[in-house]
Protein chains: 2
Amino acid sequence: MEREPLHRRIAGDIERRIASGEWRPGFRIPIETELTAEYGCARMTVSRALSDLAARGLIVRRRRAGTVVAHPPVHSSALVSIPDIQAEIEGRGSAYSHRLLARAVRSARDGDSPLGGRVVALETLHLADGLPFALERRLISLDAAPEAETADFETQAPGGWLLAHTPWTEAEHRISAVAADRETAAGLGLALGAACLKLERRTWRDGQGVTWASQTFPGAAYDLVARFSPTKG
Amino acid sequence: MEREPLHRRIAGDIERRIASGEWRPGFRIPIETELTAEYGCARMTVSRALSDLAARGLIVRRRRAGTVVAHPPVHSSALVSIPDIQAEIEGRGSAYSHRLLARAVRSARDGDSPLGGRVVALETLHLADGLPFALERRLISLDAAPEAETADFETQAPGGWLLAHTPWTEAEHRISAVAADRETAAGLGLALGAACLKLERRTWRDGQGVTWASQTFPGAAYDLVARFSPTKG
DNA sequence: GAGTGGTCTAGACCACAAT
DNA sequence: TTGTGGTCTAGACCACTCC
(Lines give C-alpha, C1' and ligand atoms only; values in the text may rest on other atoms or scores of the structure.)
Protein backbone atom coordinates (compact mmCIF):
# COMPACT_ATOMS: atom_id res chain seq x y z
CA MET A 1 0.00 0.00 0.00
CA GLU A 2 1.38 3.32 -1.12
CA ARG A 3 1.08 6.17 1.31
CA GLU A 4 0.46 9.55 -0.23
CA PRO A 5 2.68 12.27 1.21
CA LEU A 6 0.78 14.75 3.31
CA HIS A 7 1.95 17.73 1.30
CA ARG A 8 0.53 16.20 -1.81
CA ARG A 9 -2.75 15.41 -0.12
CA ILE A 10 -3.03 19.04 0.93
CA ALA A 11 -2.19 20.24 -2.56
CA GLY A 12 -4.65 17.77 -4.03
CA ASP A 13 -7.45 18.91 -1.72
CA ILE A 14 -6.92 22.50 -2.76
CA GLU A 15 -6.58 21.65 -6.42
CA ARG A 16 -9.85 19.75 -6.29
CA ARG A 17 -11.68 22.69 -4.78
CA ILE A 18 -10.33 24.94 -7.49
CA ALA A 19 -11.17 22.50 -10.28
CA SER A 20 -14.69 21.97 -8.95
CA GLY A 21 -15.34 25.69 -8.92
CA GLU A 22 -15.84 25.81 -5.18
CA TRP A 23 -12.89 28.19 -4.95
CA ARG A 24 -13.15 30.58 -7.89
CA PRO A 25 -10.36 32.72 -9.33
CA GLY A 26 -9.59 35.52 -6.90
CA PHE A 27 -10.84 33.57 -3.90
CA ARG A 28 -8.50 33.97 -0.97
CA ILE A 29 -7.58 30.61 0.44
CA PRO A 30 -6.85 29.99 4.15
CA ILE A 31 -3.51 31.24 5.36
CA GLU A 32 -0.72 28.83 6.18
CA THR A 33 -1.31 28.78 9.93
CA GLU A 34 -4.97 27.91 9.42
CA LEU A 35 -4.12 25.04 7.12
CA THR A 36 -1.42 23.98 9.56
CA ALA A 37 -4.09 23.68 12.28
CA GLU A 38 -6.55 21.98 9.95
CA TYR A 39 -4.11 19.26 8.95
CA GLY A 40 -2.28 19.12 12.26
CA CYS A 41 1.13 19.39 10.67
CA ALA A 42 4.15 21.67 10.57
CA ARG A 43 3.96 24.90 8.66
CA MET A 44 6.66 23.77 6.23
CA THR A 45 4.48 20.93 5.05
CA VAL A 46 1.66 23.29 4.18
CA SER A 47 4.16 25.68 2.66
CA ARG A 48 5.50 23.01 0.37
CA ALA A 49 2.01 22.11 -0.83
CA LEU A 50 1.23 25.74 -1.60
CA SER A 51 4.59 26.36 -3.21
CA ASP A 52 4.01 23.45 -5.56
CA LEU A 53 0.61 24.80 -6.55
CA ALA A 54 2.08 28.24 -7.04
CA ALA A 55 4.86 26.83 -9.22
CA ARG A 56 2.19 25.26 -11.40
CA GLY A 57 0.30 28.50 -11.67
CA LEU A 58 -2.87 27.44 -9.89
CA ILE A 59 -2.52 29.96 -7.09
CA VAL A 60 -0.74 33.25 -6.54
CA ARG A 61 1.00 33.98 -3.26
CA ARG A 62 1.89 37.42 -1.98
CA ARG A 63 3.23 38.44 1.35
CA ARG A 64 0.80 40.16 3.59
CA ALA A 65 -1.90 39.92 0.91
CA GLY A 66 -2.27 36.16 1.26
CA THR A 67 -2.82 33.43 -1.28
CA VAL A 68 -5.54 33.61 -3.91
CA VAL A 69 -6.72 31.29 -6.63
CA ALA A 70 -5.04 32.32 -9.85
CA HIS A 71 -7.38 33.84 -12.27
CA PRO A 72 -8.43 31.92 -15.37
CA PRO A 73 -6.82 28.65 -16.31
CA VAL A 74 -3.25 29.76 -16.67
CA HIS A 75 -1.71 28.05 -19.64
CA SER A 76 1.97 28.32 -20.12
CA SER A 77 1.96 27.36 -23.75
CA ALA A 78 0.96 30.13 -26.10
CA LEU A 79 -0.88 27.64 -28.24
CA VAL A 80 -3.39 26.72 -25.58
CA SER A 81 -4.88 30.16 -25.54
CA ILE A 82 -5.23 30.53 -29.26
CA PRO A 83 -8.94 30.05 -29.48
CA ASP A 84 -9.76 33.03 -27.33
CA ILE A 85 -10.14 35.15 -30.40
CA GLN A 86 -11.62 38.08 -28.59
CA ALA A 87 -8.63 38.47 -26.28
CA GLU A 88 -6.36 38.00 -29.28
CA ILE A 89 -7.98 40.82 -31.21
CA GLU A 90 -8.28 43.18 -28.30
CA GLY A 91 -4.70 42.38 -27.34
CA ARG A 92 -3.49 43.87 -30.60
CA GLY A 93 -5.56 46.99 -30.11
CA SER A 94 -8.40 46.26 -32.48
CA ALA A 95 -12.11 46.42 -31.76
CA TYR A 96 -13.69 43.01 -31.40
CA SER A 97 -17.18 42.12 -32.55
CA HIS A 98 -18.93 38.98 -33.68
CA ARG A 99 -22.02 37.90 -35.59
CA LEU A 100 -24.01 34.76 -34.96
CA LEU A 101 -24.69 33.36 -38.42
CA ALA A 102 -26.57 30.19 -37.52
CA ARG A 103 -27.84 28.29 -34.55
CA ALA A 104 -29.52 24.93 -34.24
CA VAL A 105 -30.13 22.18 -31.73
CA ARG A 106 -29.76 18.63 -32.96
CA SER A 107 -28.58 15.16 -32.02
CA ALA A 108 -24.88 14.41 -32.19
CA ARG A 109 -23.78 12.46 -35.24
CA ASP A 110 -21.03 9.95 -35.67
CA GLY A 111 -18.56 12.56 -36.83
CA ASP A 112 -19.07 14.75 -33.81
CA SER A 113 -16.26 12.93 -32.09
CA PRO A 114 -16.15 13.60 -28.36
CA LEU A 115 -19.77 14.67 -28.16
CA GLY A 116 -22.91 12.63 -27.66
CA GLY A 117 -26.59 13.24 -26.95
CA ARG A 118 -27.96 16.59 -28.02
CA VAL A 119 -25.78 19.45 -29.11
CA VAL A 120 -26.08 23.11 -30.00
CA ALA A 121 -24.53 23.84 -33.39
CA LEU A 122 -23.33 27.41 -33.90
CA GLU A 123 -21.72 29.34 -36.67
CA THR A 124 -20.05 32.58 -35.72
CA LEU A 125 -18.07 35.18 -37.60
CA HIS A 126 -15.43 37.04 -35.60
CA LEU A 127 -14.50 40.52 -36.71
CA ALA A 128 -11.58 42.82 -35.95
CA ASP A 129 -12.32 46.49 -36.52
CA GLY A 130 -15.40 45.40 -38.40
CA LEU A 131 -13.49 43.20 -40.85
CA PRO A 132 -13.84 39.41 -40.99
CA PHE A 133 -11.15 37.74 -38.94
CA ALA A 134 -12.23 34.17 -38.39
CA LEU A 135 -15.10 31.85 -39.14
CA GLU A 136 -16.04 29.54 -36.32
CA ARG A 137 -18.16 26.41 -36.37
CA ARG A 138 -18.89 25.00 -32.96
CA LEU A 139 -20.82 22.22 -31.27
CA ILE A 140 -21.60 22.36 -27.57
CA SER A 141 -22.76 19.28 -25.68
CA LEU A 142 -26.00 19.88 -23.83
CA ASP A 143 -25.09 17.06 -21.48
CA ALA A 144 -22.01 18.94 -20.36
CA ALA A 145 -23.51 22.43 -20.55
CA PRO A 146 -27.33 22.36 -20.37
CA GLU A 147 -27.57 26.14 -20.12
CA ALA A 148 -26.21 26.41 -23.63
CA GLU A 149 -29.69 25.65 -24.93
CA THR A 150 -30.99 29.02 -23.81
CA ALA A 151 -27.81 31.07 -23.65
CA ASP A 152 -27.62 34.30 -25.63
CA PHE A 153 -24.75 33.80 -28.03
CA GLU A 154 -25.43 37.03 -29.81
CA THR A 155 -24.30 38.99 -26.79
CA GLN A 156 -21.41 36.81 -25.75
CA ALA A 157 -19.40 34.73 -28.18
CA PRO A 158 -19.63 30.98 -27.61
CA GLY A 159 -15.97 30.61 -26.67
CA GLY A 160 -16.12 33.15 -23.89
CA TRP A 161 -19.46 31.87 -22.68
CA LEU A 162 -18.14 28.33 -22.40
CA LEU A 163 -14.98 29.36 -20.62
CA ALA A 164 -17.08 31.05 -17.97
CA HIS A 165 -19.67 28.27 -17.64
CA THR A 166 -17.92 24.97 -18.26
CA PRO A 167 -14.14 25.17 -17.99
CA TRP A 168 -12.36 22.27 -19.60
CA THR A 169 -9.88 19.90 -18.06
CA GLU A 170 -8.46 18.44 -21.25
CA ALA A 171 -8.09 19.80 -24.74
CA GLU A 172 -6.82 18.74 -28.10
CA HIS A 173 -5.80 21.08 -30.89
CA ARG A 174 -5.36 20.20 -34.49
CA ILE A 175 -3.76 22.70 -36.79
CA SER A 176 -3.87 22.38 -40.53
CA ALA A 177 -3.87 24.33 -43.75
CA VAL A 178 -6.94 24.13 -45.96
CA ALA A 179 -8.23 25.71 -49.10
CA ALA A 180 -11.22 27.99 -48.52
CA ASP A 181 -14.50 26.32 -49.45
CA ARG A 182 -17.37 28.41 -50.80
CA GLU A 183 -18.90 29.19 -47.42
CA THR A 184 -15.58 30.09 -45.84
CA ALA A 185 -14.54 32.22 -48.76
CA ALA A 186 -17.82 34.10 -48.61
CA GLY A 187 -17.67 34.60 -44.87
CA LEU A 188 -14.09 35.79 -44.78
CA GLY A 189 -14.14 37.66 -48.07
CA LEU A 190 -11.53 35.49 -49.74
CA ALA A 191 -11.14 33.89 -53.13
CA LEU A 192 -12.32 30.32 -53.44
CA GLY A 193 -9.37 28.03 -52.67
CA ALA A 194 -7.31 30.60 -50.79
CA ALA A 195 -4.96 29.13 -48.17
CA CYS A 196 -6.46 29.25 -44.70
CA LEU A 197 -5.23 28.19 -41.32
CA LYS A 198 -7.68 25.91 -39.60
CA LEU A 199 -7.66 25.25 -35.86
CA GLU A 200 -9.77 22.45 -34.56
CA ARG A 201 -10.27 22.23 -30.86
CA ARG A 202 -11.91 19.54 -28.79
CA THR A 203 -12.29 19.83 -25.06
CA TRP A 204 -13.33 17.53 -22.26
CA ARG A 205 -14.30 18.04 -18.70
CA ASP A 206 -13.43 15.07 -16.51
CA GLY A 207 -13.66 12.75 -19.48
CA GLN A 208 -16.94 14.08 -20.84
CA GLY A 209 -16.88 15.86 -24.18
CA VAL A 210 -17.75 19.54 -23.87
CA THR A 211 -17.24 21.19 -27.21
CA TRP A 212 -15.79 20.89 -30.66
CA ALA A 213 -14.79 24.03 -32.48
CA SER A 214 -13.28 24.72 -35.85
CA GLN A 215 -11.88 28.17 -36.50
CA THR A 216 -10.69 29.18 -39.93
CA PHE A 217 -8.42 32.18 -40.50
CA PRO A 218 -7.17 33.79 -43.69
CA GLY A 219 -3.67 32.39 -44.11
CA ALA A 220 -2.24 35.74 -45.02
CA ALA A 221 -3.54 37.47 -41.92
CA TYR A 222 -2.87 35.11 -39.11
CA ASP A 223 -0.19 32.90 -37.71
CA LEU A 224 0.65 31.22 -34.47
CA VAL A 225 3.73 31.80 -32.46
CA ALA A 226 5.02 29.66 -29.66
CA ARG A 227 8.16 30.26 -27.67
CA PHE A 228 9.96 27.67 -25.67
CA SER A 229 12.69 27.51 -23.12
CA PRO A 230 13.09 23.83 -22.47
CA THR A 231 14.92 24.35 -19.22
CA LYS A 232 12.09 26.44 -17.84
CA GLY A 233 9.31 23.93 -17.58
CA MET B 1 19.41 44.76 -3.02
CA GLU B 2 17.70 41.49 -3.70
CA ARG B 3 19.22 38.42 -2.12
CA GLU B 4 18.93 35.22 -4.08
CA PRO B 5 17.74 32.33 -1.96
CA LEU B 6 20.36 29.71 -1.40
CA HIS B 7 18.27 26.88 -2.79
CA ARG B 8 17.92 28.73 -6.03
CA ARG B 9 21.62 29.46 -6.20
CA ILE B 10 22.31 25.76 -5.79
CA ALA B 11 19.76 24.86 -8.45
CA GLY B 12 21.17 27.52 -10.74
CA ASP B 13 24.72 26.26 -10.31
CA ILE B 14 23.66 22.77 -11.26
CA GLU B 15 21.51 23.94 -14.13
CA ARG B 16 24.42 25.90 -15.51
CA ARG B 17 26.67 22.89 -15.42
CA ILE B 18 24.07 20.89 -17.28
CA ALA B 19 23.42 23.59 -19.85
CA SER B 20 27.13 24.08 -20.49
CA GLY B 21 27.59 20.40 -21.16
CA GLU B 22 29.96 19.93 -18.22
CA TRP B 23 27.48 17.47 -16.75
CA ARG B 24 26.12 15.38 -19.60
CA PRO B 25 22.94 13.30 -19.58
CA GLY B 26 23.45 10.25 -17.40
CA PHE B 27 26.12 11.95 -15.31
CA ARG B 28 25.63 11.21 -11.64
CA ILE B 29 25.69 14.40 -9.66
CA PRO B 30 26.96 14.64 -6.07
CA ILE B 31 24.69 13.19 -3.42
CA GLU B 32 22.80 15.45 -1.06
CA THR B 33 25.24 15.17 1.82
CA GLU B 34 28.14 16.16 -0.41
CA LEU B 35 26.30 19.22 -1.65
CA THR B 36 25.28 20.00 1.92
CA ALA B 37 28.95 20.08 2.87
CA GLU B 38 29.91 22.07 -0.21
CA TYR B 39 27.38 24.81 0.45
CA GLY B 40 27.52 24.57 4.23
CA CYS B 41 23.76 24.37 4.61
CA ALA B 42 21.08 22.03 5.86
CA ARG B 43 20.18 19.00 3.84
CA MET B 44 16.65 20.27 3.26
CA THR B 45 17.98 23.27 1.40
CA VAL B 46 19.87 21.09 -1.02
CA SER B 47 16.91 18.78 -1.23
CA ARG B 48 14.63 21.61 -2.26
CA ALA B 49 17.01 22.72 -4.99
CA LEU B 50 17.22 19.21 -6.38
CA SER B 51 13.48 18.64 -6.08
CA ASP B 52 12.83 21.77 -8.09
CA LEU B 53 15.20 20.63 -10.82
CA ALA B 54 13.60 17.19 -10.81
CA ALA B 55 10.14 18.70 -11.10
CA ARG B 56 11.35 20.55 -14.17
CA GLY B 57 12.73 17.41 -15.72
CA LEU B 58 16.40 18.37 -15.71
CA ILE B 59 17.47 15.60 -13.38
CA VAL B 60 16.14 12.24 -12.30
CA ARG B 61 16.31 11.17 -8.69
CA ARG B 62 16.14 7.61 -7.46
CA ARG B 63 16.67 6.25 -3.99
CA ARG B 64 19.85 4.41 -3.53
CA ALA B 65 20.82 4.94 -7.18
CA GLY B 66 21.42 8.66 -6.73
CA THR B 67 20.64 11.64 -8.93
CA VAL B 68 21.59 11.77 -12.59
CA VAL B 69 21.25 14.37 -15.30
CA ALA B 70 18.13 13.59 -17.30
CA HIS B 71 18.73 12.41 -20.82
CA PRO B 72 18.15 14.77 -23.71
CA PRO B 73 16.19 17.99 -23.33
CA VAL B 74 12.83 16.65 -22.33
CA HIS B 75 10.09 18.55 -24.09
CA SER B 76 6.62 18.06 -22.75
CA SER B 77 4.81 19.94 -25.46
CA ALA B 78 4.10 17.97 -28.57
CA LEU B 79 4.68 21.06 -30.64
CA VAL B 80 8.31 21.39 -29.69
CA SER B 81 9.24 18.22 -31.44
CA ILE B 82 7.46 18.96 -34.67
CA PRO B 83 10.48 19.78 -36.76
CA ASP B 84 12.10 16.41 -36.27
CA ILE B 85 10.62 15.22 -39.50
CA GLN B 86 12.61 12.04 -39.62
CA ALA B 87 11.27 10.80 -36.30
CA GLU B 88 7.81 11.86 -37.37
CA ILE B 89 7.92 9.81 -40.53
CA GLU B 90 9.53 6.78 -39.00
CA GLY B 91 7.08 6.99 -36.12
CA ARG B 92 4.23 6.36 -38.50
CA GLY B 93 5.97 3.38 -40.04
CA SER B 94 7.17 4.97 -43.26
CA ALA B 95 10.66 4.93 -44.68
CA TYR B 96 12.47 8.24 -44.32
CA SER B 97 14.87 9.70 -46.84
CA HIS B 98 15.99 13.15 -47.86
CA ARG B 99 17.64 14.95 -50.72
CA LEU B 100 19.90 17.97 -50.45
CA LEU B 101 18.73 20.30 -53.20
CA ALA B 102 21.02 23.26 -52.63
CA ARG B 103 23.85 24.39 -50.43
CA ALA B 104 25.67 27.68 -50.14
CA VAL B 105 27.72 29.71 -47.69
CA ARG B 106 27.03 33.42 -47.54
CA SER B 107 26.78 36.40 -45.22
CA ALA B 108 23.65 36.86 -43.17
CA ARG B 109 21.24 39.44 -44.53
CA ASP B 110 18.85 41.73 -42.73
CA GLY B 111 15.97 39.32 -43.04
CA ASP B 112 17.87 36.47 -41.46
CA SER B 113 16.58 37.50 -38.11
CA PRO B 114 18.43 35.87 -35.25
CA LEU B 115 21.50 35.09 -37.30
CA GLY B 116 24.55 37.17 -38.02
CA GLY B 117 27.95 36.67 -39.56
CA ARG B 118 28.32 33.89 -42.09
CA VAL B 119 25.68 31.25 -42.55
CA VAL B 120 25.17 28.01 -44.42
CA ALA B 121 22.01 28.08 -46.51
CA LEU B 122 20.46 24.70 -47.24
CA GLU B 123 17.47 23.46 -49.12
CA THR B 124 16.32 19.93 -48.36
CA LEU B 125 13.47 17.77 -49.51
CA HIS B 126 12.17 15.23 -47.01
CA LEU B 127 10.52 12.10 -48.35
CA ALA B 128 8.29 9.46 -46.81
CA ASP B 129 8.33 6.15 -48.65
CA GLY B 130 9.99 7.96 -51.49
CA LEU B 131 7.26 10.57 -51.85
CA PRO B 132 7.76 14.28 -51.13
CA PHE B 133 6.71 15.12 -47.61
CA ALA B 134 8.19 18.48 -46.76
CA LEU B 135 10.39 21.15 -48.26
CA GLU B 136 12.87 22.70 -45.88
CA ARG B 137 14.87 25.87 -46.20
CA ARG B 138 17.40 26.38 -43.47
CA LEU B 139 20.14 28.76 -42.38
CA ILE B 140 22.76 27.72 -39.87
CA SER B 141 24.97 30.23 -38.15
CA LEU B 142 28.66 29.45 -38.55
CA ASP B 143 29.37 31.46 -35.42
CA ALA B 144 27.23 29.08 -33.39
CA ALA B 145 28.12 25.92 -35.29
CA PRO B 146 31.43 26.28 -37.17
CA GLU B 147 31.49 22.60 -38.12
CA ALA B 148 28.44 23.16 -40.29
CA GLU B 149 30.75 24.53 -42.97
CA THR B 150 32.18 21.10 -43.68
CA ALA B 151 29.42 18.81 -42.41
CA ASP B 152 27.97 16.23 -44.77
CA PHE B 153 24.29 17.09 -45.01
CA GLU B 154 23.69 14.51 -47.69
CA THR B 155 24.20 11.74 -45.18
CA GLN B 156 22.50 13.32 -42.22
CA ALA B 157 19.65 15.80 -42.54
CA PRO B 158 20.45 19.28 -41.20
CA GLY B 159 17.90 19.08 -38.38
CA GLY B 160 19.31 15.90 -36.91
CA TRP B 161 22.86 17.08 -37.38
CA LEU B 162 22.16 20.30 -35.51
CA LEU B 163 20.36 18.58 -32.67
CA ALA B 164 23.44 16.42 -32.14
CA HIS B 165 26.00 19.21 -32.50
CA THR B 166 24.46 22.40 -31.17
CA PRO B 167 21.38 21.82 -29.00
CA TRP B 168 19.24 24.88 -28.55
CA THR B 169 18.17 26.53 -25.35
CA GLU B 170 15.36 28.66 -26.76
CA ALA B 171 13.09 28.24 -29.72
CA GLU B 172 10.30 30.05 -31.46
CA HIS B 173 7.80 28.47 -33.79
CA ARG B 174 5.57 30.24 -36.22
CA ILE B 175 2.79 28.34 -37.87
CA SER B 176 0.93 29.68 -40.84
CA ALA B 177 -0.95 28.70 -43.96
CA VAL B 178 0.49 29.74 -47.30
CA ALA B 179 -0.23 29.17 -50.93
CA ALA B 180 2.42 27.07 -52.67
CA ASP B 181 4.82 29.18 -54.73
CA ARG B 182 6.33 27.77 -57.88
CA GLU B 183 9.38 26.26 -56.23
CA THR B 184 7.36 24.69 -53.42
CA ALA B 185 4.75 23.34 -55.79
CA ALA B 186 7.45 21.77 -57.93
CA GLY B 187 9.28 20.26 -54.97
CA LEU B 188 6.21 18.80 -53.35
CA GLY B 189 4.36 17.89 -56.49
CA LEU B 190 1.44 20.24 -55.86
CA ALA B 191 -0.56 22.64 -57.93
CA LEU B 192 0.54 26.26 -57.85
CA GLY B 193 -1.35 28.02 -55.04
CA ALA B 194 -2.28 24.87 -53.13
CA ALA B 195 -2.75 25.38 -49.40
CA CYS B 196 0.35 24.44 -47.42
CA LEU B 197 1.18 24.45 -43.78
CA LYS B 198 4.36 26.36 -43.06
CA LEU B 199 6.39 25.98 -39.90
CA GLU B 200 9.07 28.48 -39.21
CA ARG B 201 11.49 27.74 -36.45
CA ARG B 202 14.17 29.90 -34.93
CA THR B 203 16.47 28.66 -32.22
CA TRP B 204 19.00 30.20 -29.92
CA ARG B 205 21.70 28.86 -27.72
CA ASP B 206 22.36 31.06 -24.71
CA GLY B 207 21.09 34.09 -26.59
CA GLN B 208 23.05 33.45 -29.78
CA GLY B 209 21.08 32.63 -32.90
CA VAL B 210 21.73 29.08 -34.11
CA THR B 211 19.38 28.36 -36.96
CA TRP B 212 16.35 29.43 -38.88
CA ALA B 213 14.28 26.83 -40.64
CA SER B 214 11.16 26.96 -42.72
CA GLN B 215 9.36 23.72 -43.43
CA THR B 216 6.46 23.56 -45.82
CA PHE B 217 4.01 20.66 -45.89
CA PRO B 218 1.14 19.88 -48.23
CA GLY B 219 -1.94 21.05 -46.33
CA ALA B 220 -3.88 17.96 -47.16
CA ALA B 221 -1.28 15.57 -45.85
CA TYR B 222 -0.15 17.02 -42.59
CA ASP B 223 -1.51 18.55 -39.46
CA LEU B 224 -0.34 19.21 -35.95
CA VAL B 225 -1.94 17.85 -32.86
CA ALA B 226 -1.37 19.00 -29.35
CA ARG B 227 -3.01 17.67 -26.22
CA PHE B 228 -3.22 19.49 -22.94
CA SER B 229 -4.18 18.81 -19.37
CA PRO B 230 -3.86 22.17 -17.70
CA THR B 231 -3.75 20.76 -14.18
CA LYS B 232 -0.76 18.62 -15.01
CA GLY B 233 1.92 21.21 -15.43
C1' DG C 1 3.09 48.23 12.92
C1' DA C 2 1.56 43.81 12.02
C1' DG C 3 0.12 39.99 9.10
C1' DT C 4 1.63 37.03 5.67
C1' DG C 5 4.70 34.31 2.94
C1' DG C 6 9.94 32.85 2.04
C1' DT C 7 13.64 30.69 3.65
C1' DC C 8 16.46 28.07 6.55
C1' DT C 9 18.03 24.81 10.41
C1' DA C 10 19.31 20.47 12.73
C1' DG C 11 17.64 17.05 13.53
C1' DA C 12 14.47 12.44 12.76
C1' DC C 13 12.36 8.39 10.74
C1' DC C 14 10.94 5.99 6.67
C1' DA C 15 10.90 3.96 1.74
C1' DC C 16 13.13 2.16 -1.81
C1' DA C 17 16.51 -0.22 -4.54
C1' DA C 18 21.16 -1.86 -5.54
C1' DT C 19 24.35 -4.99 -3.62
C1' DT D 1 22.24 -4.76 4.37
C1' DT D 2 23.02 -0.22 3.48
C1' DG D 3 23.25 3.94 0.83
C1' DT D 4 20.29 7.23 -1.02
C1' DG D 5 16.36 10.16 -1.49
C1' DG D 6 11.46 11.56 0.59
C1' DT D 7 9.11 13.47 4.06
C1' DC D 8 8.27 15.72 8.23
C1' DT D 9 8.98 18.56 12.63
C1' DA D 10 9.23 22.61 15.67
C1' DG D 11 11.15 25.99 15.80
C1' DA D 12 13.58 30.70 13.89
C1' DC D 13 14.44 35.02 11.43
C1' DC D 14 13.62 37.84 7.53
C1' DA D 15 11.16 40.37 3.56
C1' DC D 16 7.51 42.29 1.86
C1' DT D 17 3.33 45.00 1.78
C1' DC D 18 -1.07 46.48 3.37
C1' DC D 19 -3.01 49.35 6.99
Side-chain angles (χ1 to χ4, degrees), chain A residues 1-18 23-71 74 232-233, chain B residues 1-18 23-71 74 232-233:
Chain A
M1 189 61 186
E2 165 86 358
R3 231 201 76 216
E4 184 184 30
L6 180 55
H7 70 82
R8 204 167 318 153
R9 210 188 94 205
I10 298 173
D13 286 350
I14 294 170
E15 186 176 354
R16 223 165 295 118
R17 281 188 266 214
I18 294 174
W23 288 356
R24 299 227 145 246
F27 175 85
R28 184 171 156 170
I29 79 176
I31 65 172
E32 289 191 350
T33 51
E34 287 171 350
L35 290 170
T36 294
E38 181 181 338
Y39 287 95
C41 65
R43 194 187 135 216
M44 252 218 100
T45 306
V46 167
S47 176
R48 166 147 189 203
L50 296 179
S51 296
D52 287 352
L53 292 174
R56 288 169 43 201
L58 272 76
I59 60 178
V60 175
R61 318 194 71 197
R62 271 185 315 163
R63 289 163 158 129
R64 171 81 201 195
T67 299
V68 299
V69 176
H71 124 74
V74 176
K232 289 181 185 165
Chain B
M1 188 63 182
E2 164 86 359
R3 230 200 78 216
E4 184 185 30
L6 180 55
H7 70 82
R8 205 167 316 152
R9 210 189 93 205
I10 298 173
D13 286 350
I14 294 170
E15 187 176 354
R16 222 165 298 118
R17 280 186 267 213
I18 294 175
W23 288 355
R24 300 232 143 241
F27 176 84
R28 185 171 157 172
I29 78 175
I31 65 174
E32 290 189 350
T33 51
E34 287 170 352
L35 290 170
T36 294
E38 181 180 338
Y39 287 96
C41 65
R43 192 186 138 216
M44 253 218 99
T45 306
V46 167
S47 176
R48 168 150 189 200
L50 296 179
S51 296
D52 288 351
L53 292 174
R56 288 169 40 201
L58 272 78
I59 61 178
V60 175
R61 317 195 69 198
R62 272 185 315 162
R63 290 165 157 125
R64 171 81 202 198
T67 299
V68 300
V69 176
H71 85 88
V74 175
K232 289 182 185 163

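In what follows, every chain begins at residue 1, and chains take the letters A, B, ... in the order their sequences are listed.
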Stepwise side chain to side chain contact (heavy atoms under 4.5 Å, CB included) check, B:Cys41 with B:Leu35: CA-CA 8 Å; B:Cys41 65; B:Leu35 290 170; over 6 Å; no
Side chain to side chain contact (heavy atoms under 4.5 Å, CB included) between A:Met44 and B:Met44, worked out: CA-CA 11 Å; A:Met44 252 218 100; B:Met44 253 218 99; 3.8 Å; yes
Stepwise side chain to side chain contact (heavy atoms under 4.5 Å, CB included) check, A:Asp13 with A:Tyr39: CA-CA 11 Å; A:Asp13 286 350; A:Tyr39 287 95; 2.6 Å; yes
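The CG-C1' distance, from B:Leu6 to C:dG6, rounds to 13 Å in whole Å. Atom CG in A:Asp52 sits roughly 14 Å away from atom C1' in D:dC8 (whole-Å rounding). Between B:Ile29 atom CD1 and D:dG5 atom P there is a gap of 8 Å when expressed in whole angstrom units. Rounded to whole Å, the distance from NE2 on A:His7 to P on C:dC14 is 18 Å. Look at CG on A:Leu35: it is 15 Å from P on D:dC8, rounded to the nearest Å.
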Dump every N/O contact between nucleotides 10-12 of chain C and the protein below 3.5 Å, one line per pair.
{"from": "C:dA12", "atom 1": "N6", "to": "B:Arg43", "atom 2": "NH1", "distance (Å)": "3.3"}

What are the atom names and distances for every N/O pair under 3.5 Å that joins the protein to nucleotides 2-4 of chain D?
{"from": "D:dT2", "atom 1": "O2", "to": "B:Arg64", "atom 2": "NH1", "distance (Å)": "2.6"}
{"from": "D:dG3", "atom 1": "O4'", "to": "B:Arg64", "atom 2": "NH1", "distance (Å)": "3.1"}
{"from": "D:dT4", "atom 1": "OP1", "to": "B:Arg28", "atom 2": "NH2", "distance (Å)": "3.3"}
{"from": "D:dT4", "atom 1": "O2", "to": "B:Arg64", "atom 2": "N", "distance (Å)": "3.4"}

For residues 45-52 of chain B, please give each side-chain donor-acceptor pair under 3.5 Å, one per line with the distance, not counting sequence neighbours.
{"from": "B:Ser51", "atom 1": "OG", "to": "B:Ser47", "atom 2": "O", "distance (Å)": "2.8"}

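Within the 4.5 Å cutoff, side-chain heavy atoms of B:Ile29 are placed close to those of B:Val69. Counting heavy atoms from C-beta outward, A:Ile18 and A:Leu53 have side chains that stay 4.5 Å or more apart. Side-chain contact between A:Ile14 and A:Trp23: present, with at least one pair of heavy atoms (C-beta onward) separated by less than 4.5 Å.
Remark: A:Thr45 is in phosphate contact with D:dT9, judged by side-chain N or O atoms under 4.0 Å from OP1 or OP2. A close approach under 4.0 Å does not occur between any side-chain nitrogen or oxygen of B:Ser47 and OP1 or OP2 of D:dG6.
Here the options are A:Arg61, A:Arg62, A:Arg28, the test is side-chain contact (heavy atoms from CB on, under 4.5 Å), and the partner is A:Val68; only A:Arg28 passes.
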